[in-house]
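Heads up: the structure comes next, in structure tokens.
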There are 2 protein chains.
Amino acid sequence: MSQSSLKQEIRRRAKNFQRVRAAHQTEVAEDYVELIDDLIAETGEARVVDLADRLGVTKATVNNTVQRLVREELATSQPYRSIFLTPKGQSLARKSRKRHELVRDVLVALGVDEETADADAEGIEHHVSKETLAAFRKFLGRGE
Amino acid sequence: MSQSSLKQEIRRRAKNFQRVRAAHQTEVAEDYVELIDDLIAETGEARVVDLADRLGVTKATVNNTVQRLVREELATSQPYRSIFLTPKGQSLARKSRKRHELVRDVLVALGVDEETADADAEGIEHHVSKETLAAFRKFLGRGE
DNA sequence: TGACAAAGTTAGCTATGACTAACTCTGTGG
DNA sequence: CCACAGAGTTAGTCATAGCTAACTTTGTCA
Ligand SMILES: [Mn+2]
Ligand SMILES: [Mn+2]
Ligand SMILES: [Mn+2]
Ligand SMILES: [Mn+2]
């Protein structure tokens with residue numbers, strides 16, 4: 001391998017790691033909005049305590065993160081009231097849910113049991129590129 | 001759905017999120033030891049500056065993380081010298097590399113191009129359970 | 001209607017993992 | 001053989017994301 005293509009290869013690998021780090025910065029937000037949207041659909045509203053129960057964190061942690069979602073214009077909240085999604089938050093929630101389901105369905109199609117597939121998808125979903133999602137859809141015979 | 005199975009379902013989902021958070025605590029270590037092992041194999045030694053180039057971070061960051069690896073008994077290092085893996089670090093490196101390759105190969109088998117597969121695998125690898133890895137091996141016609 | 005439990009908030013702490021800037025050490029080439 | 005460039009370290013900063021403990025608000029029901 002030539003000098004310059006070695007350097008290129010090093011930069012390519014560095015970019016992969018940088019992409020993973022970038023994904024980590026958005027994944028908490030993605031999981032929260034997906035969950036908030038679920039709760040609103042299922043129970044009519046999203047409350048701090050419900051998010052805390054479902055995420056397995058304390059309500060103080062939820063409060064902190066919700067403030068971040070508000071700052072990022074994904075959610076709105078008034079003190080002591082339940083949490084709402086902005087249009088931007090809703091569209092991220094829908095996108096995240098679809099992606100989660102697609103990843104889970106691919107795992108199931110590969111022979112993973114549903115519980116495990118759903119659990120693994122919770123982490124995997126945040127690291128799947130558009131290209132890979134397209135391949136997944138094709139593999140399942142959807143979209144194209 | 002009954003009261004108690006609703007509560008169970010909530011706890012199940014919480015556990016999924018907790019597993020993802022646990023994975024995030026180990027993934028930096030996994031990527032580092034894999035890379036250190038690669039560098040030793042390819043160039044004879046693993047130096048801070050090489051890790052920094054390949055990870056896309058500064059050498060100060062590498063230094064910090066290497067200290068953590070030493071604390072966790074995955075690596076050893078003396079000031080101004082190159083970095084070595086402990087037996088524990090070596091075995092984690094081998095395990096991580098195999099897993100990375102398996103994930104990449106599955107993505108390729110599903111029609112993802114090699115570059116994208118390798119990039120996505122960098123994030124996905126840390127969120128794949130033993131059960132899913134077994135399903136992947138079976139799908140590729142390996143192991144089992 | 002108001003006591004009080006549940007829910008929400010706030011303050012203060014921790015660890016990780018990133019950064020820059022400034023410093024020290026190493027080892028090589030002139 | 002030593003200057004100095006490159007490598008490594010250290011100090012100090014920041015954001016995220018978790019925690020506990022203490023506080024405040026809400027809203028229900030006796
Ligand atoms: Mn998730
Ligand atoms: Mn999800
Ligand atoms: Mn990785
Ligand atoms: Mn890897």
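All chains are named by letter (A, B, ...) in the order of the sequence lines, taking the proteins before the strands, and each is independently numbered beginning at 1.
- Listed nucleotides D:dA11, C:dA11, C:dA18 differ in distance to B:Thr61; the shortest reach to its side chain belongs to C:dA18.
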**OP:** Go through the steps for A:Asp31 and B:Arg13 under the test salt bridge (Lys or Arg N to Asp or Glu O under 4.0 Å), then give the verdict.
**Re:** CA-CA 11 Å; A:Asp31 288 335; B:Arg13 287 172 73 178; over 6 Å; no

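- A heavy atom closer than 4.0 Å to some atom of DNA chain D occurs in A:Arg71, A:Tyr80, A:Arg81, these being the qualifying members of residues 70-85 of chain A.
- Contacts between residues 46-58 of chain B and DNA chain D, counted as heavy-atom distances below 4.0 Å, involve B:Arg47, B:Val48, B:Val49.
- Of the charged side-chain nitrogens involved, at least one lies within less than 4.0 Å of a carboxylate oxygen, so that A:Asp120 and B:Arg19 count as a salt-bridged pair.
- Distances shorter than 4.0 Å separate none of the side-chain N or O atoms of A:Asn63 from OP1 or OP2 on C:dG8.
- Within 4.0 Å (heavy atoms only), B:Val28 reaches sugar-phosphate atoms of the nucleic acid but no base atom.
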Original post:
Does the salt bridge (Lys or Arg N to Asp or Glu O under 4.0 Å) test come out yes or no for A:Arg11 and A:Glu9, once each step is laid out?
Top reply: CA-CA 5 Å; A:Arg11 280 203 65 227; A:Glu9 170 65 9; over 6 Å; no

Let me have the donor-acceptor pairs involving side chains of residues 101-109 of chain B, under 3.5 Å, with sequence neighbours excluded, atom names and distances please.
residue  : atom : partner  : partner atom : Å
B:Asp105 : OD2  : B:Arg142 : NH2          : 3.0

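- Atom CD of B:Gln67 is separated from atom P of D:dT10 by 7 Å (rounded to the nearest Å).
- Residue A:Ala60 places its side chain closer to C:dA11 than to any other of C:dA11, C:dA7, D:dT9.
- Under the salt bridge (charged side-chain N to carboxylate O under 4.0 Å, His left out) test applied with B:Glu30, the options B:Arg99, B:Lys95, B:Arg97, B:Lys98 reduce to a single match, B:Arg99.
- Below 30°, between 30° and 60°, or above 60°: for A:His127 and A:His24 the angle between ring planes is above 60°, a perpendicular geometry.
- Using a 4.0 Å cut-off between charged nitrogen and carboxylate oxygen, B:Asp53 and B:Lys59 do not count as a salt-bridge pair.
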